[in-house]
Amino acid sequence: MVPTPAQFPHPEHGAYDAPATHAVTNQPPPPAPYDASDDAALLEGLRREGAGWAEEDIRRLGKRAGSAEAQEWGEQANRYEPVLRTHDRYGHRVDEVDFHPSWHHLMRTAVAEGLAGAPWADDRPGAHVARTAGGLVWGHTEAGHGCPTSMTYAAVPALRAQPDLAKVYEPLLTSREYEPGLRVPTHKRGLLAGMGMTEKQGGSDVRTNTTAATPTAEPGVHTLRGHKWFTSAPMCDVFLVLAQAPGGLSCFLVPRVLPDGTRNPFRIQRLKDKLGNRSNASSEPEFDGTVAWLVGPEGRGVKTIIEMVNCTRLDCVMASATLMRKTLVEAGHHVRHRSAFGARLIDQPLMRNVLADLALESEAATALTLRLAGAADRAVRGNAGEAAFRRIATAVGKYWVTKRGPAFTAEALECLGGNGYVEESGMPRHYREAPLLSIWEGSGNVSALDVLRALGREPAAGEALFGELALARGADARLDAAVARLKDRLTGTSQAGARRLVELMALTLQASLLVRYAPPAVADAFCASRLGGDWGHAFGTLPDGADLTAVLGRALPGAL
């Protein structure tokens, strides 16, 4: 049979009628455009933590994040991965990384919206909360470009340990101008910062670093020689690097281009071939005569850079919460439009249980993220109690929220069935991203041990945590009982039991926030399942008494 023109029209005529054997039915429409800020837990937390003034901007950014254009940027930035160019055509060493234009679109938006260093130049209370909320919505586009913006944000407080350097670089790190390309830093309108801590022989055990820092005749200036194992975003303008000076492990500022315009030796040996986070270049740089400026006292490198780590750990919590929300939205969209066994998936009781369980996890992660951001904002402004709370709660959140990410994204992917296992859905990219956030800035064991260290060395941190939990005392018997168990476990907890202790800390902290601020149906279902023992070992095992309709109506408005 000869095909008819209607079946195979000229391409300029657009889509054609498919043959009858390939009619497409019972498939959801594309999810974009959507509003990434259409999240009650996020907007309520934004207001609660003192940044309600930013709500209009967050809503605007949420619509942009969910636009078809921005979603396509995210897909393209990962499809066309960064490429390392070690030499130019004439044989000169250049060590540059080339990115797809979509990466630059994402970066330009993120920096302009204040998601990099801008909050440090904003005196308004809640500025750091507003940035975190912005990350929670703009992160719906693509996760990889959150790495350089996070490190730029985190570099500012560490650099302040050296006021003469901060005076030069802070105005550029807090700029809302994105200006890619390697040039003299002070000749640019805005800078990005990276971080080089780990080495192949030690990883998180940075005190075993072997990169050597040799003093020069100029006070505070050293030359570095060594190899870093996992340095992300090598296209950044400046880096904070740990190296062994004569006085011990110290922190240094390393610019890619020196003040005279010459390239500082920063030889990128290779880009890492990672499981996920493919849009973001992670590298192994070699230092050989690399000029570096001392930041903070010599021999106090860990203490100097730890403030940077605290900031990036918060961003790991934020990114994991963002990934949960993004995949929940994708799953909710699919089940709203897909039918099986005579009913929409969203109307099937077991699917409702799965989605409601995921919604509880997502809301708890979002509420905790914004509480941590509020603590960080108030700590910056001199609140000692909030600083103590931030010290322990950020480590607790880093451990637990990022641990929940992989299981969460796997379950959300499964809501789409085979469609979710196909790259075109975007869900495999999110699934590959999820484990990263638990690994970077201290893996699970490092975070759990950090909590034990805080409890042992900084009594005010533990007191601040229990002070926070006490604010919900009497509101839910299951929460009260869990807090009592937590107090009992504090005495005699060994290193081997650190994970169990921190897990209970995280669950009681999340439950206390939901009991105080979330609707009763959400708080009750969370406490019954996570604290009351009426739960299985997988998502979708909420008790029969849980109000699934109320939970889903809050998390996925319009889906029911």
Taking NZ, NE, NH1 and NH2 as the nitrogens, is one of them in [X] or [Y] under 4.0 Å from a carboxylate oxygen of the other?
| X | Y | value |
| --- | --- | --- |
| Arg391 | Asp450 | yes |
| Lys326 | Glu330 | yes |
| Asp377 | Arg390 | no |
| Lys398 | Glu441 | no |
| Arg64 | Glu69 | no |
| Asp315 | Arg131 | yes |
| Glu55 | Arg59 | yes |
| Arg160 | Glu307 | no |
| Arg516 | Glu468 | yes |
| Glu49 | Arg378 | yes |

Using a cut-off of 6.0 Å, state whether more than 12 heavy atoms not belonging to [X] lie near its atom [atom1].
| X | atom1 | result |
| --- | --- | --- |
| Tyr178 | OH | yes |
| Glu44 | CD | yes |
| Asp544 | CG | no |

Flag the pair [X] / [Y] as yes when at least one side-chain heavy-atom distance between them is below 4.5 Å, and no otherwise.
| X | Y | result |
| --- | --- | --- |
| Leu455 | Met505 | yes |
| Trp400 | Val317 | no |
| Val515 | Phe526 | no |
| Asp357 | Trp535 | yes |

Kindly write out the residues that satisfy side-chain contact (heavy atoms from CB on, under 4.5 Å) with Ala434, not counting sequence neighbours, or none if the list is empty.
->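 Expected list: Leu323, Pro406, Thr409.
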Do Arg499 and Asn445 have side-chain atoms, one donor and one acceptor, less than 3.5 Å apart?
->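 Side-chain D/A pair, Arg499 to Asn445: present.
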Taking atom types as modelled, is there a side-chain donor on His140 or Tyr34 under 3.5 Å from an acceptor on the other?
->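 Per modelled atom types, His140 and Tyr34 side chains form a pair under 3.5 Å.
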side-chain contact (heavy atoms from CB on, under 4.5 Å) between Phe408 and Thr327, worked out = CA-CA 8 Å; Phe408 187 105; Thr327 54; 3.4 Å; yes
Quick one: closest heavy-atom pair of Thr304 and Ala161, and the distance?
->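 Closest heavy-atom pair between Thr304 and Ala161: CG2-CB, 3.9 Å.
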